Amino acid sequence: MVATLFRTPASLFADLDHLQREMERSFGLPTSIRAAGGSAFPAINIGSTADAVEVYAFAPGLDASKLDVTVDSNLLTLAGERKLAEPPKGGSVYAEERFDGVFRRVISLPDDVDPAQVEARYTDGVLRVRIARKAALQPRRIAIN
């Protein structure tokens, strides 16, 4: 009886995992975003400075020539396709967690960006998109005489 009161973390997590699988089976609905296929590709980070908005998309294994980056009406669209290698002839796949297929991410941009000043660079699996802010809308310091 004492052994059942003091559960190890491993057995606790195993019990929670079992409970989640039972809920999915009973209700026919996924109980997590990952189970629903809700993880978006590519993962992105968005930041800003006084003179630009910068978007970093983490998309390893892509051919840069097949990436499509567009800015239209303050919407940045990242699109492309990633194909996985086929398993060896006669082989099988045990687990497959990496995204495969066509993707499209649309990101809203602030009103003060300049769609004519966009730079995109793909290096080491990271797509960096820099959209400059409109110079006329940036604060400027006024000299006092």
Side-chain angles (χ1 to χ4, degrees), residues 6-145:
F6 299 105
R7 302 178 75 67
T8 64
S11 64
L12 177 62
F13 291 125
D15 289 346
L16 290 172
D17 187 48
H18 175 73
L19 178 62
Q20 180 176 346
R21 283 194 311 270
E22 286 298 315
M23 289 178 64
E24 288 174 2
R25 186 182 60 77
S26 299
F27 298 111
L29 298 172
T31 56
S32 69
I33 292 174
R34 176 175 267 188
S39 59
F41 181 84
I44 58 172
N45 286 351
I46 303 171
S48 67
T49 63
D51 59 341
V53 172
E54 295 187 3
V55 177
Y56 293 86
F58 303 95
L62 296 178
D63 180 3
S65 66
K66 296 187 180 184
L67 286 171
D68 185 30
V69 178
T70 58
V71 176
D72 184 30
S73 300
N74 289 359
L75 294 176
L76 171 66
T77 303
L78 309 175
E81 182 176 9
R82 178 162 76 175
K83 294 186 178 186
L84 298 180
E86 295 291 322
K89 190 173 184 176
S92 62
V93 176
Y94 175 71
E96 189 171 84
E97 295 181 355
R98 192 170 171 193
F99 173 80
D100 174 347
V102 177
F103 63 88
R104 180 181 172 97
R105 294 287 309 259
V106 179
I107 301 153
S108 294
L109 298 171
D111 292 333
D112 66 343
V113 297
D114 186 354
Q117 295 187 34
V118 180
E119 299 172 3
R121 184 178 312 153
Y122 183 73
T123 307
D124 295 331
V126 178
L127 174 65
R128 177 184 177 254
V129 181
R130 183 181 188 276
I131 308 104
R133 295 183 186 273
K134 294 176 185 172
L137 298 178
Q138 289 186 11
R140 62 183 187 127
R141 186 167 180 90
I142 308 299
I144 301 172
N145 296 327

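Model, not experiment: these values are computed from the prediction. The basis for the numbers below is simple: all heavy atoms, side chains too, and nothing from hydrogens, waters or symmetry mates.
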Residues that [X] engages under side-chain contact (heavy atoms from CB on, under 4.5 Å), provided they are two or more places apart:
{"X": "Asn45", "answer": "Tyr56, Phe58"}
{"X": "Val118", "answer": "Val71, Val129, Ile131"}
{"X": "Leu75", "answer": "Val106, Ser108"}
{"X": "Thr123", "answer": "Arg121"}

Contacts of type ring pair (Phe, Tyr, Trp, His ring centres under 6.0 Å), residue Tyr122, not counting sequence neighbours: none
Please, which pairs that meet salt bridge (Lys or Arg N to Asp or Glu O under 4.0 Å) have at least one residue in residues 53-80, sequence neighbours excluded? Glu54-Arg128, Glu54-Arg130
Any Lys/Arg nitrogen of Arg133 or Asp51 sitting under 4.0 Å from an Asp/Glu carboxylate oxygen of the other? no
Where do Leu67 and Phe103 land on the side chain to side chain contact (heavy atoms under 4.5 Å, CB included) test, with the steps shown first? CA-CA 10 Å; Leu67 286 171; Phe103 63 88; 3.8 Å; yes
Treating Arg105 as the side-chain partner and Pro42 as the backbone partner, does any N or O pair qualify as donor plus acceptor under 3.5 Å? yes
When rounded to the nearest 0.5 angstrom, what distance separates CG in Leu109 from OG in Ser73? 10.5 Å
Looking at CG of Leu127 and CG of Leu62, how far apart are the two atoms once the value is rounded to the nearest 0.5 Å? 9.0 Å
Which of Thr77, Val53, Ile44, Asn74 passes side-chain contact (heavy atoms from CB on, under 4.5 Å) with Ile107? Answer is Ile44
